[in-house]
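Encoded as structure tokens, the structure appears first; notes follow it.
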Amino acid sequence: MAIRSFSYSIHPYDLEKTLESGQSFQWIRTAPHAWESVVERDWVRVSQPKARQILIETTAKNAALVDQLSGYFQLDIDLKRVLTAFPKDPLVGQALRARRGLRLLRQDPWICLASFLLSSTKQIVQIKEIVHLISTRHGNPVAHPETGEMLYGFPDAARIAQEGEQAMRSCKAGFRAKYLYGCARSIAEGTFDLEALREMSLEEARLKITGLPGVGPKIADCVLLFAYGFDRAFPVDVWVHRVLQDYYFHGKQVARTTMHQFIMDYFGDHAGYVQQYLFDYIRSLSKAEWRRMVEDPARPTISK
DNA sequence: GGGATGCCTGGATG
DNA sequence: ACATCCAGGCATC
């Protein structure tokens, strides 16, 4: 099987930080700076041989898939321009320095939705394991072009609808199996159109997608940000909630609406991008480092 | 409409 | 060892 290579000169881009930041769960690390997966029906390897180079290797023959991969990895985004729109405060500054080169991907809506349905109260390694199990048991087989080893893509909605809830449970999905199956059915039957969300405003899309079983505000915003590119979607999980409350609201409890208003006003047009930097950064801090951060007298004061 | 509680399950914590 | 807690939420009451 022929492998085609595409090299991109790009900077700043940190592939490791990007693929290991918990936005996508299907890439398997095969070398210090290389990851592999199956996209559509093709094997793909993405690597960063040099600081300013991204290399994509694939068995795909059609140009469409190559375009798709360039979109997936967001190779055309002017990251520097995005970063200049971030708010200027000590925490964001630290996160920017610590996570230089982190990018948001642009994933396939169905796989992204399925991944985040499976993410509830699970840690990243466990989410990866479930995604991997579902893929190997129910996905399309693709031979590795170098080793011949079998790899499997994530199954589409129709396939999961056909396999049923129990099959998902036996892939360790637990109570999430019901949601995954429910969403798969709606999508496979055509009751729910994932593509239609592309034409909607963020608010419309959020309203629509939270109508799916198991999709609340957090998962909705993850999918809207990571798959549809709604740059103002801002997933608030326990970590981010902790930052917002402890750092920006000085430990005070605030209403959901107040928090939401603050997010939109303060983080701006690329709020979702800021969120990813903050999320990834704060998870790496020790308790002591975190305490130092929230006690920083230079941290911003929110005036309402 | 904010605040508890159950849901699967594996790994961490005591 | 063994119990208990809790993890990147959601639905329900």
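Remark: the A/Q107 side chain and the A/S24 side chain contain no N/O donor-acceptor pair separated by less than 3.5 Å. A/T121 and A/R176 form a side-chain donor-acceptor contact under 3.5 Å, judged by distance and modelled atom types alone. The closest side-chain donor-acceptor pair between A/Q26 and A/S135, if any, does not fall under 3.5 angstrom.
More than 12 heavy atoms of other shown residues, nucleotides or ligands fall within 6.0 angstrom of atom CZ in A/R198. At most 12 non-hydrogen atoms from other residues, nucleotides or ligands lie less than 6.0 angstrom from NZ of A/K208. Atom CZ of A/R242 sits in a crowded spot, with more than 12 heavy atoms from other residues, nucleotides or ligands closer than 6.0 Å.
Nearest-nucleotide positions on DNA chain C for A/A220 and A/R242 put A/R242 closer to the 5' end. Of the two residues near DNA chain C, A/P213 and A/Q126, the one whose nearest nucleotide lies more 5' is A/Q126.
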Please assess A/R29 against A/E16 for the test salt bridge (Lys or Arg N to Asp or Glu O under 4.0 Å), listing each intermediate value before the final yes or no.
CA-CA 9 Å; A/R29 196 171 197 155; A/E16 176 175 24; 2.9 Å; yes

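Of the candidate nucleotides C/dC10, C/dG9, C/dG8, C/dG8 has the atom nearest to the side chain of A/W239. Ranking B/dC8, B/dG10, C/dG8 by closeness to the A/K172 side chain, first place goes to B/dG10. For A/F226, the listed nucleotide lying nearest its side chain is C/dG8; candidates were C/dC10, C/dG8, B/dG10. Nearest to the side-chain atoms of A/Q253 among the listed nucleotides C/dG9, B/dG3, C/dG8 stands B/dG3.
Contact check, A/R169 against B/dC8: a side-chain N or O comes under 4.0 Å of OP1 or OP2.
The nearest whole Å value for the distance from the CD atom in A/E165 to the C1' atom in B/dC8 is 11 Å. Atom CZ of A/F234 and atom P of C/dG8 are 17 Å apart (whole Å). Rounding to whole angstrom units, NZ of residue A/K178 and P of B/dC8 are separated by 7 Å. Atom CG of A/L117 is separated from atom P of C/dG9 by 13 Å (rounded to the nearest Å). Spacing between atom CG of A/L118 and atom P of B/dG10 amounts to 15 Å, rounded to whole angstrom units. Atoms NZ (A/K122) and P (B/dT9) sit 8 Å apart, rounded to a whole Å. As a whole-Å value, the separation of A/R176 CZ from C/dA11 P is 13 Å. Taking atom CZ on A/F175 and atom P on B/dT5, their separation rounds to 17 Å, with Å as the unit.
Figure legend. B/dG10 is base-paired to C/dC6; pairs are counted as Watson-Crick or G-U wobble with both atom distances under 3.5 Å. In this entry B/dG2 has no Watson-Crick or G-U wobble partner, no candidate having both defining distances under 3.5 Å.
Atom name P, nucleotides C/dT4 and B/dG6: the rounded distance is 15 Å, in whole Å. Nucleotides C/dC6 and B/dA4 are separated by 14 Å at their P atoms, to the nearest Å. Between B/dT5 and C/dC5, the two P atoms lie 12 Å apart (nearest whole Å). Only the P atoms considered, C/dC10 is 22 Å distant from B/dG10, to the nearest whole Å.
A/L212 comes within 4.0 angstrom of sugar-phosphate atoms only, judged by non-hydrogen atoms across all strands, and of no base. Contact annotation for A/P217: backbone-only contact, meaning every heavy-atom pair under 4.0 Å involves sugar-phosphate atoms and none involves a base. The residue A/I124 sits close to a base: some heavy atom pair falls under 4.0 Å. Backbone-only engagement by A/V215 is indicated by non-hydrogen atom pairs under 4.0 Å involving sugar-phosphate atoms exclusively. Nucleic acid contact class of A/S21 (heavy atoms, under 4.0 Å, all strands): base. Here A/G216 lies in heavy-atom contact (under 4.0 Å) with sugar-phosphate atoms only.
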